[in-house]
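To find a chain, count down the sequence lines: A is the first, B the second, and so on, and within it residues start at 1.
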Amino acid sequence: MTETLLPKTYEFAATEEKWLGRWRAEHSFAANMTEGRPAFSIVIPPPNVTGVLHMGHALNNTLQDILTRYHRMKGDNTLWLPGTDHAGIATQNVVERQLRTEGKNKNDLGRDAFIERIWQWRREKGGAIVEQLKKLGASCDWQRERFTMDEGLSKAVRQVFVQLYKEGLIYKGDYIVNRCPSCQTALSDDEVEFEERDGKLYYIRYPLADGSGELVVATTRPETMLGDTAVAVHPDDERYRAFVGKEVTLPIAGRAIKVIADTAVELGFGTGALKVTPSHDRNDYEMGKRHNLSFMKVMDDRGFMNENAGEYQGLDRFACREKIVADLRADGFLVKIEDYKHAVGACYRCHTVIEPATSRQWFVAMRVLADEAKAAVEDGRVRLHPKSWRANFFGWMNNIRDWCISRQIWWGHRIPSWDCQDCGERIVEMADPSRCPHCGSAQIVQEEDVLDTWFSSALWPFSTMGWPEKTKELTMFYPTSVLVTSFDILFFWVARMMMMGLHFMGEPPFTDVYLHALVRDKDGRKMSKSLGNGIDPLDVMASYGADAMRFTLTALAAQGREIRLDLERIEGYKHFINKIWNAARFAHMHLADCDEHIREVADNPGQLPMAYRWILSRAEATAEVVRGAYDNFLFNEAAQAGYQFIWTEFCDWYLEWIKADLFSADDEVKATAKGVLLTVLETILHLTHPIIPFVTEEIWSVLPGKRSLLMTAPFPEPRPSWRDAQAEEEMAVVIEAISGLRAIRSENDIHPSAKLTALVLCPGEAKRAVLTANGKRIADLARLESLSIAASGDKPEKSASFVGLGLEIFVPLQGLVDVAAELVKNEKELVRVEEKLAQVRKKLGNDNFLAKAQAEVVAKERDKLAELEARLALLISAGDRLQKMR
RNA sequence: GGGCGAAUAGCUCAGCUGGGAGAGCGUCGGCCUUACAAGCCGAAUGUCACAGGUUCGAUCCCUGUUUCGCCCACCA
């Protein structure tokens with residue numbers, strides 16, 4: 001044994017910094033492209049360039065890193081391709097805010113200067129999230145970092161747009177979008193927040209044009225009635241069946257509009273009759289399309305009534321509502337007004353009530369693309385994990401609507417379409433046109449809108465690898481192996497990647513999709529700024545270390561379950577990291593001056609003493625579990641198996657067991673102990689490195705021998721020769737004896753340092769042989785002065801006892817035995833055994849069970865019966881003995 | 001309203017194709033035993049939400065109920 005220079009407590013901060021530096025210096029994350037090796041590739045879900053690392057990123061990237069490191073160690077050609085997303089609206093907002101503090105807005109700069117300003121921001125501040133990912137230990141090939149607005153990726157975007165346009169899958173059409181009248185911009189659905197607000201429900205009379213009756217409609221927005229072009233009722237509504245196809249006269253406006261039947265009308269709600277305003281309501285818009293209604297806008301983009309509103313023109317929408325209601329009342333059209341609380345869409349920035357409005361937008365036709373994506377999941381070319389998402393996925397694909405890809409902002413891929421001002425020709429080509437190919441006019445104007453950010457993200461798996469060029473990266477790494485992402489962007493992103501990949505590459509972009517949960521706080525709430533319940537991964541890494549955080553997230557990442565993160569849990573795993581550290585520190589004391597070849601003793605495990613065979617067997621069993629877990633995305637299982645093996649089996653039992661051997665005078669004994677110690681410790685490092693890269697790399701580096709990096713060392717192949725069922729059985733017997741002795745000690749308040757004498761009675765020959773063979777070590781670990789083992793014999797009076805499976809332990813204690821307490825314990829145990837016995841007897845007494853259950857199950861029950869009966873007999877005799885001692 | 005998921009120890013959660021209920025944290029008792037007090041040893045703790053069904057046998061499969069969570073659609 002030598003002194004160790006390793007600190008007593010694991011110093012994560014310095015260690016992490018050290019290895020981040022080394023890994024970078026040695027380009028250890030760079031993808032290999034060796035011929036003849038299997039390929040493993042992941043493209044990162046590109047975080048917004050404006051983003052800061054949150055727990056969701058930490059989880060997402062920890063899981064990707066585990067897979068990447070595992071496959072790299074397995075020797076695969078491994079690529080984890082990183083990058084960021086230009087995040088149109090978010091990024092533009094950041095820079096606009098910056099301008100505002102300078103008293104300017106984007107129009108003061110103009111489009112080109114504003115975009116240059118965003119690039120400038122990106123160069124200065126856009127790398128933050130990437131640096132944070134690096135701190136986590138993410139082993140991306142950082143030299144291949146991509147950005148969705150890169151030249152290459154922009155070229156791919158252009159190519160895809162042009163091709164889809166030429167195939168007729170991109171078109172320009174009318175659509176109803178959310179507009180904020182105050183911000184003067186269209187908003188995506190995600191940017192609309194629904195707020196419960198107090199409103200009113202107005203009941204308005206619409207007389208039939210032929211004077212034969214009337215319909216009463218209910219609305220929260222009477223001002224839009226000026227744009228009504230129909231009234232709808234449910235086709236099954238008996239009350240109105242006769243009205244369908246007739247016309248009603250729109251009050252105030254005096255126009256005649258049709259009564260239509262549509263299932264979108266809710267039977268039980270309001271009056272069952274619904275006014276239809278296709279230009280100012282999303283549902284009405286759909287209905288207008290279905291029934292070929294006319295579209296009439298009565299409001300402008302700022303929320304004021306327009307020329308179609310007649311005498312109301314120029315009024316603000318809310319002022320108009322009041323005036324209309326007053327006029328309806330005066331003319332006798334108003335039936336009643338009810339208070340009504342309902343959800344109103346509001347702008348996430350200024351909280352102005354959203355105004356749905358029709359406008360010209362660009363679309364991708366989705367039907368064909370969606371069918372291809374659906375088929376890929378149906379036939380198993382793409383597997384979703386957990387499988388439960390399949391149903392959701394199909395539902396979405398079946399009900400898909402065309403994708404509105406135009407955005408009225410400046411930051412993004414500007415739509416490559418030019419309109420000729422003279423002849424109206426639309427020009428969509430790879431090269432920017434200078435004049436109209438149809439009429440030759442130079443008066444051509446490019447589309448102002450840019451593409452939805454998700455458009456470029458949808459191309460990510462192949463655009464990042466150089467498409468449309470035929471690169472060797474595409475050949476080697478496309479399709480990628482697995483996509484790891486949060487379920488909330490399954491449709492926004494994953495499905496669209498599948499569509500684009502299938503359409504342009506002919507293959508889906510990945511074979512497996514692992515969908516993980518959202519990270520929530522310990523009460524199950526989403527982490528959010530407004531709740532203030534967020535846990536900042538950077539803070540966590542600073543106080544607990546990256547490995548502790550990674551291990552925690554991994555241990556909590558059970559499939560199909562939400563993740564509730566509690567700092568206490570992270571603290572617990574920090575202790576675990578320290579535990580590994582100290583086990584290694586102990587090993588280091590004994591191994592520092594060794595030759596690494598000592599590990600060769602493990603090549604022939606059959607020759608080794610029982611405990612050595614046992615730990616190798618357990619190590620191999622653990623390796624099997626861990627390997628299977630990594631292969632099947634069962635991350636929490638890998639973490640749990642590692643934890644259990646390292647702490648309980650390796651530290652608590654094995655290290656304690658070999659201490660005596662390590663201090664032995666016999667050099668051969670010593671060498672064996674050291675060799676197996678090194679072997680098992682190395683196995684532990686290999687198995688857990690993907691989850692906790694820093695501490696394992698550090699330990700690896702101080703073990704004997706010249707070492708290259710752990711992160712590129714080979715992951716253990718299966719070693720079936722290590723499995724040893726007999727050693728596991730034998731060790732179980734020894735563990736039971738030692739635990740029994742310790743329990744006697746603890747329950748009788750015997751000081752741990754007091755040396756005891758013990759007797760073990762064990763009638764079973766095999767078991768007794770095991771105990772005898774390991775008697776010395778049992779005495780050591782249970783701190784005995786002497787231990788006698790016999791098949792049977794006199795049971796010492798005045799002794800504490802323990803009844804185990806097939807063995808009985810006695811520790812004579814002159815008058816110190818707490819007889820009353822022992823009796824209580826004995827009685828309790830007796831009851832438990834009797835209950836179990838009753839269960840087993842009932843089972844074995846059941847003919848059906850004997851006839852129908854598997855033979856092994858029946859045999860197992862029989863063994864159990866024998867065991868329990870023996871135990872019961874021992875307990876009864878122990879009870880009798882205790883009675884005599886009173 | 002539609003869909004999905006969850007309900008297991010005080011708390012946070014495992015328990016993967018039905019066959020003796022587990023971990024971490026916390027609690028209680030005892031220990032500075034020369035890797036680790038961020039540790040060691042020992043102990044206590046569960047009608048596996050409820051009610052039925054299938055089965056020789058159900059925490060596990062099926063049905064229903066209750067509670068909770070999420071997603072989608074939002075009702076004029």
request  = Examine A/Lys336 relative to A/Tyr202 and say whether NZ or CZ is less than 6.0 Å from the centre of the six-membered ring and inside a 45° cone about the ring axis.
outcome  = no
ask   = When we call it a touch if two heavy atoms are under 4.0 Å apart, what does A/Asn578 touch: a base, just sugar-phosphate, or nothing?
value = base
task = Using a cut-off of strictly less than 4.0 Å, decide whether A/Ser739 has a side-chain nitrogen or oxygen near OP1 or OP2 of B/G42.
result = yes
query = For B/C13, what is the paired nucleotide under Watson-Crick or G-U wobble rules, both distances under 3.5 Å?
reply = B/G22
request  = Check RNA chain B against residues 835-844 of chain A and give the residues with a non-hydrogen atom under 4.0 Å, in numerical order.
outcome  = A/Lys836
note = Of the candidates B/G29, B/G39, B/C56, the side chain of A/Asn846 sits closest to B/C56
inquiry  = Considering every strand and a 4.0 Å limit on heavy-atom distances, what is the contact class for A/Glu856: base, sugar-phosphate, or nothing?
reply    = nothing
request  = Output the distance between atom CG (A/Asn582) and atom CD1 (A/Ile577), rounded to the nearest 0.5 Å.
outcome  = 12.0 Å
inquiry  = Regarding A/Glu867, tell me which of base, sugar-phosphate or nothing describes its non-hydrogen contacts under 4.0 Å with the strands shown.
reply    = base
key: Closest nucleotide among B/A76, B/A35, B/G20 to the A/Leu201 side chain   = B/A76
request  = Report which part of the nucleic acid A/Glu656 touches: base, sugar-phosphate, or nothing (heavy-atom distance under 4.0 Å, all strands).
outcome  = base
request  = Identify whether any heavy atom of A/Lys275 sits under 4.0 Å from a base atom; if not, whether one sits that close to sugar-phosphate; answer base, sugar-phosphate or nothing.
outcome  = nothing
message = Mind checking if A/Arg742 touches a base, just sugar-phosphate, or nothing, with heavy atoms under 4.0 Å?
response = sugar-phosphate
message = What's A/Asn632 touching, base or sugar-phosphate or nothing? Going by heavy atoms closer than 4.0 Å.
response = nothing
ask   = Would you say the ring centroid of A/Tyr643 lies under 6.0 angstrom from that of A/Tyr573?
value = yes
ask   = Checking all strands, does A/Tyr573 fall into the base, sugar-phosphate, or nothing category for heavy-atom contacts under 4.0 angstrom?
value = nothing
task = Mind checking A/Arg783 for me? I need base, sugar-phosphate or nothing, with any heavy atom below 4.0 Å counting as a touch.
result = base
A/Asn848, nearest nucleotide to its side chain (from B/A38, B/C56, B/G19) = B/C56
message = Under 4.0 Å from OP1 or OP2 of B/C36: is there any side-chain N or O of A/Lys579 that close?
response = no
query = Just to confirm, is there a sub-4.0 Å distance from OP1 or OP2 of B/C75 to any side-chain nitrogen or oxygen of A/Asn283?
reply = yes
key: Pairwise side-chain contact, A/Ser486 with A/Leu515, heavy-atom cut-off 4.5 Å (strictly under)   = no
request  = Would you confirm whether the ring centroid of A/His516 sits within less than 6.0 angstrom of the ring centroid of A/Phe633?
outcome  = no
inquiry  = Applying a 4.0 Å non-hydrogen cut-off, can you work out what A/Asp284 is touching in the nucleic acid: base, sugar-phosphate, or nothing?
reply    = nothing
inquiry  = Classify A/Gly845 by what it touches in the nucleic acid, base, sugar-phosphate, or nothing, heavy-atom distance under 4.0 Å.
reply    = nothing
message = OP1 or OP2 of B/A38 versus the side-chain N and O atoms of A/Asn582: is any pair under 4.0 Å?
response = no
request  = Kindly say if A/His751 contacts the phosphate of B/C31, meaning a side-chain N or O under 4.0 Å from OP1 or OP2.
outcome  = no
query = Between B/C4 and A/Trp396, is there an OP1 or OP2 to side-chain N/O distance shorter than 4.0 Å?
reply = no
task = Report yes if the distance between the aromatic ring centroids of A/Phe576 and A/Phe551 is under 6.0 Å, otherwise no.
result = yes
query = If each of A/Glu747 and A/Lys574 is mapped to the nucleotide of RNA chain B with the nearest heavy atom, which maps nearer the 5' terminus, i.e. the 5' end?
reply = A/Lys574
ask   = Counting only heavy atoms not in A/Glu568, do more than 12 fall under 6.0 Å of its CD?
value = no
request  = Kindly point out which of B/G29, B/G19, B/U12 is positioned nearest to the side chain of A/Arg569?
outcome  = B/U12
request  = May I ask you to say what A/Ser753 touches in the nucleic acid, namely base, sugar-phosphate or nothing, with a heavy-atom cut-off under 4.0 Å?
outcome  = nothing
request  = Taking only the side-chain heavy atoms of A/Ser746 (C-beta and beyond), determine which of B/G29, B/C56, B/A43 contains the nearest atom.
outcome  = B/G29
ask   = Do A/Phe635 and A/Tyr514 have their ring centres less than 6.0 Å from each other?
value = yes
N/O (side chain, A/Lys8) to phosphate O (OP1/OP2, B/C36) under 4.0 Å = yes
